[in-house]
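Okay, structure first, notes after.
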2 protein chains.
Amino acid sequence: MKKELTEKQRKVLQFIAQRVSRENRPPTIREIAQNFKFSSTGTVRDYLRLLQAKGYLKLQAKKARAIELISEKLPRIPILAQVQAGSPVLSYEAIEDYLDLKQLACREDEQIFALRVKGDSMIEAGIMPEDLVLIRPQLICENGDIIVALIDGETTIKYFRRQQRKAYLQPANNKYAPILIKDNFSIIGKVISVIRKYV
Amino acid sequence: MKKELTEKQRKVLQFIAQRVSRENRPPTIREIAQNFKFSSTGTVRDYLRLLQAKGYLKLQAKKARAIELISEKLPRIPILAQVQAGSPVLSYEAIEDYLDLKQLACREDEQIFALRVKGDSMIEAGIMPEDLVLIRPQLICENGDIIVALIDGETTIKYFRRQQRKAYLQPANNKYAPILIKDNFSIIGKVISVIRKYV
DNA sequence: ACCTATACCACACATTTGTGTGGTTGTCAA
DNA sequence: TTGACAACCACACAAATGTGTGGTATAGGT
């Protein structure tokens with residue numbers, strides 16, 4: 001079922017994918033023609049039909065911008081199991097999975113939000129200052145969760161630890177001591193993800 | 001500049017946003033009319049112009065499906081500067097920015113890929129085992145970059161350090177010693193991002 | 001009573017856009 | 001040499017689509 005693409009065909013497909021990603025809508029046939037300096041719309045139509053025949057996209061007849069990309073065939077961010085010498089060859093065996101950025105934030109109906117980390121209290125858990133942490137709001141949490149809590153009016157990110165009848169907010173930095181939870185405390189949510197960007 | 005929407009106007013905007021999200025392209029005027037059972041395209045056009053005037057979207061004249069949503073007005077993942085008590089109220093002042101997952105991987109024409117981290121050699125840089133690191137392939141790098149390199153046939157993530165005429169791969173873990181770069185060495189790319197998911 | 005805004009409708013029109021027909025050129029394998 | 005396929009072009013046509021003009025009805029404010 002899966003058929004290989006020529007270099008040119010791949011470029012056409014990639015152009016469409018870029019447009020969808022950047023402008024949130026597919027290009028028209030004439031926009032594609034313009035990009036590749038084709039003087040005939042027929043050329044593009046032939047490409048589209050070919051790409052459709054090979055299963056890379058689906059066309060809706062007589063609709064404007066009716067190119068539906070088949071997502072499983074799109075260039076995505078592959079998670080590689082192993083890297084070979086030279087330029088990273090994307091051989092089939094090496095691809096462990098694909099990264100889906102959308103699913104980082106899970107469901108759309110959940111009110112996920114992000115916080116920028118201040119301070120080094122979770123540094124031993126790999127949460128560095130200036131990292132972004134994604135938070136799923138929830139009022140209860142389990143022992144060992146990394147949570148965002150409000151204590152004495154201040155936001156803090158810590159491990160949640162329960163021992164016998166007591167609960168603690170525990171930093172991941174031996175410079176700081178655990179905080180016994182008493183009053184003036186509320187849980188904001190659970191840290192579900194950490195994101196860091198370099199430069 | 002920012003003006004409030006009526007219930008109906010909000011529903012029209014929401015419908016457009018849903019279509020963009022689900023089908024990766026905006027609806028046509030007639031598709032909107034059909035959804036809301038408007039018998040005239042003029043009705044929809046009036047809504048669109050109104051929404052444009054209020055800053056919720058931008059129309060491109062005489063183009064099909066040319067509705068560009070103004071993203072800052074759409075529900076996204078907000079990066080909060082401060083969190084208030086109770087459920088996180090998304091007050092205007094608290095929102096520092098919005099998280100754009102797409103821009104994590106930068107340009108699409110770059111062959112970004114991801115690796116799952118094995119081992120604890122970069123743990124003091126906040127890169128933990130099982131984290132995903134996004135890699136931008138490049139053959140040269142600067143002093144201090146965190147890079148993925150192939151040394152003696154093995155993939156490794158380290159700091160790249162240059163001193164006088166020598167270059168080292170330096171772990172971020174004092175259990176391990178820096179590795180002097182000699183032969184059998186090639187740079188795969190630079191670590192541009194770190195992503196961690198809990199549960 | 002008058003003005004403004006929202007929320008529609010009907011219909012014509014022009015442009016955009018997809019589609020069909022019929023080509024050319026070159027390569028590669030049978 | 002024939003056939004298949006990639007990679008194009010020119011041009012006409014019809015359908016999809018946005019736009020313009022000119023309406024009606026209702027509600028709220030002044």
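A note on names: the letters A, B, ... follow the listed sequences, proteins ahead of strands, and every chain is numbered from 1. Just so it is clear, the values below take in all heavy atoms, side chains as well, and ignore hydrogens, waters and symmetry mates.
For B/Asp120 and B/Tyr176, the side-chain atoms include at least one donor-acceptor pair closer than 3.5 Å. Checked by atom type, the side-chain pair A/Gln163/A/Arg161 shows no donor-acceptor distance below 3.5 Å.
The distance between atom CG of A/Leu5 and atom C1' of D/dA7, rounded to the nearest whole Å, is 15 Å. With rounding to whole Å, A/Ile32 atom CD1 is found 12 Å from C/dT17 atom P. Distance, A/Phe36 CZ to D/dA7 P: 11 Å, rounded to whole Å. One interatomic measurement links the two molecules: CZ of B/Arg30 to P of C/dT15, which rounds to 16 Å at whole-angstrom precision. To the nearest angstrom, P of D/dC8 lies 14 Å from CG of A/Leu48. A straight line from CZ of A/Phe38 to P of D/dA6 spans 14 Å, rounded to a whole angstrom. In this structure, the CD1 atom of A/Ile29 is 10 Å from the P atom of C/dG20, given to the nearest Å. Distance, A/Arg65 CZ to C/dT17 C1': 9 Å, rounded to whole Å.
A/Ser40 contributes a side-chain N or O that forms a donor-acceptor pair with the base of D/dA10 under 3.5 Å. With hydrogens and angles ignored, a donor-acceptor pair under 3.5 angstrom links the side chain of A/Thr41 to the base of C/dT19.
Taking the nucleotide of DNA chain C with the nearest heavy atom to each of B/Thr6 and B/Gly42, the more 5' of the two is matched to B/Thr6. Checking B/Leu59 against A/Lys62, the closest nucleotide of DNA chain D that is more toward the 5' end is the one next to A/Lys62.
Closest to the side chain of A/Arg49, out of D/dT17, D/dA6, C/dT19, is C/dT19. Listed nucleotides: D/dT21, C/dC8, D/dA6. Nearest to the side chain of B/Arg45: D/dT21. Considering only the side chain of A/Thr43, D/dC9 comes nearest among C/dT15, D/dA6, D/dC9. Taking every side-chain heavy atom of B/Thr28 into account, D/dG18 is the closest of D/dG18, C/dT17, C/dC8. Nearest nucleotide to the B/Lys8 side chain, out of D/dT17, C/dA7, D/dA7: C/dA7. Listed candidates were C/dA10, D/dC9, C/dT17. Nearest to the side chain of B/Ser39 is C/dA10.
A donor-acceptor contact shorter than 3.5 Å links the side chain of B/Glu124 to the backbone of B/Asn174. A/Glu31 places a side-chain N or O within 3.5 Å of a backbone atom of A/Thr28 that can act as its donor or acceptor partner. With hydrogens and angles disregarded, no donor-acceptor distance shorter than 3.5 Å links the side chain of B/Gln164 to the backbone of B/Lys166.
By the 30° and 60° cut-offs, the orientation of the rings of A/Phe15 relative to A/Phe36 is perpendicular.
Taking side-chain N and O atoms only, A/Gln9 has a distance below 4.0 Å to OP1 or OP2 of D/dA7. Phosphate proximity of C/dT17 to B/Lys63: present, with a side-chain N or O under 4.0 Å from OP1 or OP2. For B/Tyr47 and C/dT6, the shortest distance from a side-chain N or O to OP1 or OP2 is not below 4.0 Å.
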